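As structure tokens, the structure follows; a few thoughts come after it.
For this chain, numbers begin at 1 and follow the sequence in order. Hydrogens, waters and symmetry mates are skipped; everything else that's a heavy atom, side chains included, is used. These figures come from a predicted structure and were not determined experimentally.
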Amino acid sequence: MAARPSWEGHLRLSLVTCPVSLWSATTEAETVRFNLINPKTNNRIRMKTVDAGTGEELSRADLVKGFAIAKDEYVLLDKEDFESVKLESTRIIDIEKFVARQTIDRLYWDTPYHLVPSGKTGIEAFAVIREAMKRKGMVAIGRLVMSTRERVCAIEIEEDGLVLTTLRTAEEVRQLDEIGHPDLPKPNAQMLEIAEKIVAQQSGEFDPADFTDRYEDALRALIEQKKKGKPVKSKPVREEADSGVVDLMAALRKSLQGDGPERKRAERYAAAAGANKKKPSARGRKAA
């Protein structure tokens, strides 16, 4: 767990409050990161803050932020300007309503946090709020201020605690209407039956341990190899020959037989179908 919580305050339901803390439920600590290095000196590169017009090097402390309103024209905002619109941090997560989880579009779910009691004071109130939510099977919707920004959040049951997930705003979510709905043909009944059997064959429980970032793994292996001074050979790019039009029915039937060439053929069909797919219709597109 992180060295300290991301946020501390109180959870409030009507007149009932209890001290809580938020701990980030995700981490990028194990992500491979790089620095820019001058290979001739083996020194890190330091970026400079330079005026694009005059070339003068400046200190970041002397700079302000600007919002572009036209080409090379900005509204300038300094520290005092930002302070004037800063929201008061009440350190309270206010529960405003309860909803069924399925009513929240998955596109709105953003960043998860473990929400747990902070100390022994008020732990009974936390337990009461949590148990009531569990029995009703509802998700709590509230809001809190994090890093000067007010965030709407969803709170749901998690093991012995709660999990709070910040929600994206309507302005941050792009609906399918904005892209255009695809004109999908009605599936062939026989093909659909075979596809359903393939889905049934490959059904199982989700276990995140089954999935790893193969690129990250390859990077770590490469770094270890170079650290030991071993030579690195580039792998040739293998291109699969285009087999032309794929017989969908044959690909589906062979997919029922298992992995291997049959699965690859089905994947080739999917790629070919994607390449030949009609452009999305403008049906439902929002007016500009």
Side-chain angles (χ1 to χ4, degrees), residues 1-31 33 64-65 67 77-175 205-209 211:
M1 186 173 280
R4 58 195 180 103
S6 303
W7 184 95
E8 288 184 294
H10 286 77
L11 176 65
R12 180 164 65 190
L13 172 60
S14 189
L15 300 178
V16 179
T17 63
C18 55
V20 294
S21 57
L22 292 180
W23 299 79
S24 180
T26 60
T27 178
E28 295 184 355
E30 299 301 318
T31 302
R33 301 186 184 280
V64 297
K65 294 184 178 180
F67 180 83
L77 301 174
D78 58 23
K79 184 178 178 180
E80 287 70 27
D81 292 323
F82 285 105
E83 286 291 333
S84 69
V85 295
K86 185 177 179 180
L87 291 173
E88 180 186 358
S89 180
T90 59
R91 290 290 171 184
I92 293 177
I93 302 171
D94 258 320
I95 296 177
E96 299 183 358
K97 65 166 66 174
F98 293 90
V99 302
R101 193 184 197 282
Q102 61 268 26
T103 61
I104 308 175
D105 191 316
R106 56 183 282 178
L107 294 176
Y108 287 89
W109 294 88
D110 192 11
T111 307
Y113 297 87
H114 297 296
L115 174 61
V116 295
S118 181
K120 297 297 182 182
T121 305
I123 195 168
E124 184 179 11
F126 182 93
V128 169
I129 294 172
R130 182 188 175 282
E131 187 63 24
M133 289 173 57
K134 182 179 181 181
R135 293 190 180 188
K136 288 295 185 181
M138 303 291 276
V139 172
I141 301 297
R143 61 181 71 222
L144 77 160
V145 176
M146 297 183 72
S147 301
T148 73
R149 181 182 176 185
E150 186 176 55
R151 302 298 303 265
V152 176
C153 59
I155 305 170
E156 53 190 333
I157 301 297
E158 177 202 42
E159 297 180 4
D160 295 328
L162 296 169
V163 60
L164 178 149
T165 305
T166 55
L167 300 178
R168 298 182 178 95
T169 63
E171 292 78 14
E172 294 176 296
V173 173
R174 177 179 292 173
Q175 299 292 347
E205 298 292 328
F206 173 70
D207 184 354
F211 301 91

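With sequence neighbours left out, the side chain to side chain contact (heavy atoms under 4.5 Å, CB included) criterion links F206 to P208, F211. Applying the side chain to side chain contact (heavy atoms under 4.5 Å, CB included) rule to A154 yields the partners I104, W109, V139, I141, L167; only residues at least two apart in sequence or on another chain are considered. The salt bridge (charged side-chain N to carboxylate O under 4.0 Å, His left out) check on R174 picks up nothing, with sequence neighbours excluded. Every residue two or more places apart in sequence or in another chain that forms a salt bridge (charged side-chain N to carboxylate O under 4.0 Å, His left out) with D110 is listed here: R151, R168. In this view, E172 and R149 satisfy the salt bridge (charged side-chain N to carboxylate O under 4.0 Å, His left out) rule, not counting sequence neighbours.
In summary, of the residues considered (L22, L164, T165, I95), a side-chain contact (heavy atoms from CB on, under 4.5 Å) with C153 occurs for L164 alone.
Atom-to-atom distance recorded for Y113:OH and L162:CG is 16.0 Å, nearest 0.5 angstrom. Between the NZ atom of K65 and the NZ atom of K79 there is a distance of 12.0 Å, given to the nearest 0.5 Å. Here the NE2 atom belonging to H10 is positioned 11.5 Å from the CZ atom belonging to R91, to the nearest 0.5 angstrom. Atom-to-atom distance recorded for W23:CH2 and L115:CG is 12.5 Å, nearest 0.5 angstrom.
Of the possible donor and acceptor atoms, none in the side chain of W7 sits under 3.5 Å from a partner among the backbone N and O of S147.
Side-chain contact between V173 and Q175 is present, with heavy atoms from C-beta onward closer than 4.5 Å.
Annotation for D78: atom CG counts as buried by contact number, over 12 foreign heavy atoms lying within 6.0 Å.
Remark: D94 does not engage R143 in a salt bridge, criterion side-chain N to carboxylate O under 4.0 Å.
Of all non-hydrogen atoms in M146 and L144, the two that sit nearest each other are CG-CD1, 3.5 Å.
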Below 3.5 Å, can you tabulate the donor-acceptor pairs from side chains in residues 116-131 to any protein atom, sequence neighbours excluded?
residue	atom	partner	partner atom	Å
R130	NE	G161	O	2.9
R130	NH2	E159	O	2.0
E131	OE2	R135	NE	3.2

